[in-house]
Structure formats: structure tokens, C-alpha cells
Amino acid sequence: MITIDGNGLAAKIKDELKSEIDSYEIKPILAVITIGDDESSKVYVNNKKKACNYVGISFLHFDYVSFVKEAEVIKKIEELNKDNKVSGIIVQLPLPKGYDVNKIINTINNNKDVDGLTNESIGKLINKEDGFIPCTPKGIMSIFDYYKINLEGKNVVIIGRSNLVGKPLIQECLKKDATVTICHSKTSDLKSYTKKADILIVATGIKHLINKTMIKKDSVIIDVGINKVNNKLYGDVNPNVEEKCSYLSPVPGGVGPMTVVMLLQNTLTAYKKINGIKNE
Ligand code: NAD
């Protein structure tokens, strides 16, 4: 069994990004908008800030109180859209109740949508056009590439149908010619699907939903879940799958660090597009 080293791979990509960004006199800028004080969001935003600092991306944080007017946030995004120095814009989700998430997200100019969440980015993903892919699915696809895990003709089962993870993963896995099944909270007899998965990707937020009795021998298991219990992190997959699978992307240290690094990569891509810099 091979344990996927998301920390190691993320560190390698970060160093490559850092050396490229070091060569640019003017640095990319990532603008991050937060509303309210969701505790997990604070941790995620702080991780993004640290990663930006490391590679040399300037981090602009607009931290709004939970009762800020939606129009004020929209106005700020419109300003950032017009500012040529700003390469990427993200709005940290979830937002407090009462905000129109779709309206806020879709205000972001598509060229700066480094989280890949606008309607236009989603359309481009479906039509296989050049656009930004959400960071977690992109990180998972990078893991497959790096570990040379071939998806062609494989049964890929994804558990979880969120806009952030499950839905974009369907398109990404189809692009690689996998046969894709998506399961969710209303799926009956989950085990009958997971048992058939050559590659199982789990993103539900339910601690240890999947255990060794539910998986196929020698399958590839990608655990996306983050569940904090008594200050300890657990995934959606019970580590006892190790006895049976061929690869395991663990929690922590698998998909999480890759997600952050893909945000940096998307921000650099946006910066290069805006500034007309071509890949060598
Ligand atoms: P979400 O919370 O929006 O949705 C959860 C999904 O799980 C839903 O589609 C639901 O139908 C499905 N689900 C719930 N109970 C189920 C059950 N019993 N059986 C089958 N499916 C069930 O999802 P999300 O935002 O994609 O997050 C999922 C998990 O992944 C969370 O733990 C989140 O913290 C984590 N996450 C991690 C990263 C990362 O970078 N590692 C990124 C995004 C999300």
C-alpha cells in the first residue's frame, strides 16, 4: 500500500512556484474576502495566507463583519475586478445566512476566478475550455498525475455532490475517460457502489463513513473529508482500509495541502494571463 504524500508533493510544487514568482519584479496579488467569523474559515484563510507569503504572492484580506451589506461586498469585488494589479479574487465560503452566494461569486471577473466557482468557469469546465478548475478537484487530479494513476476505463465512485468538490470532479474524471458514479446522502445501499470502485473519492464530512468492508481490494482511496473531533483531525475514511487498498490519500496530509497549492497555481496562471506572460 502506498500512502499518498500530499505534503511532500505540495511542498515540491510550492518551491517551483516560488522560484518562478521570484523571477517577476511585480508580484501577483490574491484578494480574499471573508464575511463573519466562521472558525474553520479562519484556519483555512490563514493557511492560504502563509502559503502566499511563502511563494511571494501578496495577500490582500478584506475581512467583513457578519452584518455587512451585500452591496458593499459586491462593490468591493467590482473594484478588485478593475484593478489590474489584482490577479485573483476569492470569497471564502460558507457565508453567513442571508447572503446571495451565487450573486456574490458571479460578480468575480472570470479571468480572476481562481476558485473556479463562477457560472462561466463551470461552463468552461463542462465544455473542456480553458478556465479555472476548483482547487480541491484540481489537487486530486494532480495527485493522480503525479502518482501515475490511470483513470481510463476505471470505475470512479465519488461520494458527495457539492459544487466545490463532487460536481467538478465528475467532469475532470470524465475527461480522463473514467466511468463515473456519484453517490450522496440519498443514495441507498452505498456499499454496493463503493465495493465496485477502482477509485473511490470520499467528500462528505462524516467521520469514518467508509471502512475496509466497503471497498474493493487494491482500489485507490482518496479521502477529502475534514472532521475535527476534540481538536484532532479525522477523514471520512477509516484508516483500516490500508489493509486492502493500493493507494490511500490520508487525512491529514493528502488532499488538504494540495488544495492550497492549487490556489497558488491558479493565481499565478491568472497573473500571467493578465500580464501577457506565456509559459516557456
Ligand atoms: P458539503 O458539506 O457541501 O456536502 C457533503 C456531501 O456529502 C453532500 O453532497 C451529501 O449529499 C453527501 N453526504 C452526506 N451524508 C452522506 C452519506 N451518509 N452518504 C453519502 N453521501 C453523503 O461537501 P463539501 O463542501 O464537498 O465537503 C465535504 C468534506 O470535504 C467536508 O468534510 C469538508 O471539510 C471537506 N473538504 C476538504 C477540502 C480539502 O481541501 N481537503 C476541501 C473542500 C472540502
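Bear in mind the structure is a predicted one, so any value in this text is a computation, not a measurement. Note that ligands are numbered from 1 as they come in the structure, with each ligand's atoms numbered from 1 the same way. These numbers come from the heavy atoms of this one structure, side chains and all, not from hydrogens, waters or symmetry mates.
- Residue Phe144 qualifies as enclosed at atom CZ: its count of foreign heavy atoms under 6.0 Å is above 12.
- Contact annotation: Gly225 has at least one heavy atom less than 4.0 Å from an atom of ligand 1.
- Nearest non-hydrogen protein atom to atom 42 (C) of ligand 1 is Thr136 OG1, 3.2 Å.
- Under a 4.0 angstrom heavy-atom cut-off, Thr187 registers as lying outside contact with ligand 1.
- Looking only at protein heavy atoms, the nearest one to atom 21 (N) of ligand 1 is His184 C, 3.1 Å.
- For the residue pair Asp63 and Thr34, a side-chain donor N or O sits within less than 3.5 Å of a side-chain acceptor on the partner.
- The proximity of Val251 to ligand 1, defined as any non-hydrogen pair under 4.0 Å, does not occur for either the backbone or the side chain.
- For ligand 1, the polar-atom distance check finds an N/O of Ile226 within less than 3.5 Å of one of the ligand's N/O atoms.
- Interface atoms of ligand 1 facing Ile159, defined by a heavy-atom separation under 4.0 Å, are 20 (C), 21 (N).
- Among protein heavy atoms, the minimum distance from atom 2 (O) of ligand 1 is reached at Thr204 O, 4.5 Å.
- The distance from ligand 1 to the heavy atoms of Gly256 drops below 4.0 Å at these ligand atoms: 40 (O), 41 (N).
- Here the protein heavy atom with the shortest distance to atom 44 (C) of ligand 1 is Val165 CG2, 4.0 Å.
- No more than 12 heavy atoms of other residues, nucleotides or ligands sit less than 6.0 Å from atom NZ of Lys176.
- Ion pairing of Glu78 with Lys75 is absent here, as no side-chain N (NZ or NE/NH1/NH2) approaches a carboxylate O to less than 4.0 Å.
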Kindly determine whether Leu209 and Val237 satisfy side chain to side chain contact (heavy atoms under 4.5 Å, CB included), including the steps that lead there.
-> CA-CA 6 Å; Leu209 174 70; Val237 179; over 6 Å; no

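- Side chains of Gln92 and Lys48: a donor-acceptor N/O pair is present below 3.5 angstrom, by distance only.
- We find that Lys69 and Glu72 are not joined by a salt bridge, their nearest charged nitrogen and carboxylate oxygen being 4.0 Å or further apart.
- Side chains of Thr118 and Asp113: a donor on one and an acceptor on the other come within 3.5 Å.
- Considering each of Val224, Leu164, Ile140, Ile222, the one bringing a non-hydrogen atom nearest atom 38 (C) of ligand 1 is Val224.
- Among protein heavy atoms, the minimum distance from atom 18 (N) of ligand 1 is reached at Ile206 CD1, 3.6 Å.
- Residue contacts with ligand 1 include Ala203, since one or more of its heavy atoms lies under 4.0 Å from the ligand.
- Looking at Thr259 against ligand 1, only its side chain comes within 4.0 Å, counting heavy atoms.
- Residue-environment remark: CG (Asp189) exceeds the threshold of 12 foreign heavy atoms within 6.0 Å.
- For ligand 1, the polar-atom distance check against Asp236 finds no nitrogen or oxygen pair separated by under 3.5 Å.
- Between the side chains of Thr267 and Ser87, no donor-acceptor pair is found at a separation under 3.5 Å.
- Across Ser185, Gly205, Ser188, heavy-atom proximity to atom 10 (C) of ligand 1 is greatest for Ser185.
- Nearest to atom 4 (O) of ligand 1 by heavy atom, out of Gly139, Ser162, Cys183, Gly235, is Ser162.
- The two residues Tyr147 and Thr3 make their nearest non-hydrogen contact at OH-O, 4.2 Å.
- Among protein heavy atoms, atom 8 (C) of ligand 1 sits closest to Arg161 N, 4.0 Å.
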